[in-house]
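A, B, ... follow the sequence lines: proteins, then strands. Residue 1 opens every chain.
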Number of protein chains: 2
Amino acid sequence: MNLTTKGKYAVTAALDLAMQQTIADGFTKISDVAKRQDIPASYLEQIFSRLRKAGILHAARGPNGGFKLSKQRDEVMIGEIITAVERNMDATQCSGEGICNSGTKCIAHNFWIDFNDNVNEFLMSRSLDDVITNRRGSVEQTGQALIATG
Amino acid sequence: MNLTTKGKYAVTAALDLAMQQTIADGFTKISDVAKRQDIPASYLEQIFSRLRKAGILHAARGPNGGFKLSKQRDEVMIGEIITAVERNMDATQCSGEGICNSGTKCIAHNFWIDFNDNVNEFLMSRSLDDVITNRRGSVEQTGQALIATG
DNA sequence: TAATTCTTGACTAATTTACTCGGGAACATA
DNA sequence: TATGTTCCCGAGTAAATTAGTCAAGAATTA
């Protein structure tokens, strides 16, 4: 399981975009987000690139360009953001393949599956809007699983 | 947040010890646990050393020596094991210090605190016995927090 | 004494993280 | 169409971390 600076920056930056869209409806520049949230701009480029490819953000080039959310802020789940940028959020030793002890499931396998489910549910039940308004998960889990649960 | 092979090996090895103690009441050798659970023995040495220093295991040297749990298997929480061996399980960007955005709390700070609490509760509510008998957390959270929650 | 088992610390290769850098492409405006 | 703006993309890299190995030593039992 990896939860790194990249994932945390991604969430922070997405929250920033969501908040900016409440103020004005246009695109927000990487450099502005970077400055406000204290994130290295060139690193944030990489992160936004991934979020765009995952369909979470929409980009526009040129003057007045930048990024905006593809959906409403109550429709974007934190879990989506994290899986889009993190290498691996799975907690099983075998990446869910059940081969953790010389080809068979290790004795902790089901425990880590449960752990995955728990993290999954937490991250997929909280939208950007929930976090901004300090709610603790109000929207139903809708889509696909964040982590393969074997 | 770091959940690495070390933490996963630690849980698996502790489960093995717990299961062995049901069979016989003596000490279990590192080499036996390593063989059964497919964990490098010299790496497991390091892991058991930490678990012993954390008071989770008790060791004996010499013939018939090895390791055993210091408590009953329904009293050892998975969370204890993981914090004993993992470098950092905190998910906040600032290690809970609230300085994630140039000296102040970043806009995601409270979210990561909630995430910590969630993981915390999950791991501290499951004992070795719960995992072995495939229960999903039966014992009350008793002790100190796994992760500082700011 | 000899064999066994933990104890400790040093060491290391490979991987990952957390970035930077530079050139290019699209777009808006004048 | 020239110019500045902003995203796009890939390559490169220093530092940290992971996932181990190895060897010498201490305690214990037979």
TODO: Would you check, one step at a time, whether the test side chain to side chain contact (heavy atoms under 4.5 Å, CB included) holds for A:Ile99 with A:Thr104?
DONE: CA-CA 4 Å; A:Ile99 51 166; A:Thr104 62; over 6 Å; no
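B:Phe27 places its CZ atom 14 Å from the C1' atom of C:dT4, with the value rounded to the nearest Å. In this entry the distance linking CG of A:Leu57 with P of D:dC7 reads 11 Å, nearest Å. To the nearest angstrom, P of D:dT28 lies 16 Å from CD1 of B:Ile30. Atom C1' of nucleotide C:dT17 and atom CD of A:Gln46 are separated by 11 Å, given to the nearest angstrom. Distance, A:Asn2 CG to C:dT16 P: 9 Å, rounded to whole Å.
A donor N or O paired with an acceptor N or O is not found under 3.5 Å between the base of C:dC6 and the side-chain atoms of B:Glu45.
Across all strands, A:Lys8 comes closer than 4.0 Å to no nucleic acid atom at all (heavy-atom distances).
Between B:Thr4 and D:dT17 there is no side-chain N or O to OP1 or OP2 distance below 4.0 Å. The side chain of A:Tyr9 places no N or O atom within less than 4.0 Å of a non-bridging phosphate oxygen (OP1 or OP2) of C:dA18. Between B:Arg87 and D:dT18, a side-chain N or O to OP1/OP2 separation shorter than 4.0 Å is present. OP1 or OP2 of D:dC8 sits under 4.0 Å from a side-chain N or O of A:Arg52. For B:Arg61, no side-chain nitrogen or oxygen approaches OP1 or OP2 of C:dT4 to under 4.0 Å. The shortest distance between the side-chain N/O atoms of B:Lys53 and the OP1/OP2 oxygens of C:dT8 is below 4.0 Å. Within the structure, every side-chain polar atom (N or O) of B:Asn88 is placed at least 4.0 Å from both OP1 and OP2 of D:dT17.
A cation-pi contact, defined as under 6.0 Å to the ring centre and within 45° of the axis, is absent between A:Arg52 and A:Phe48.
The residue among A:Ala60 and A:Lys6 whose nearest nucleotide of DNA chain C is located toward the 5' end is A:Lys6. With DNA chain C read from its 5' end, the first of the two nearest nucleotides for A:Gly62 and A:Ser42 is the one closest to A:Ser42.
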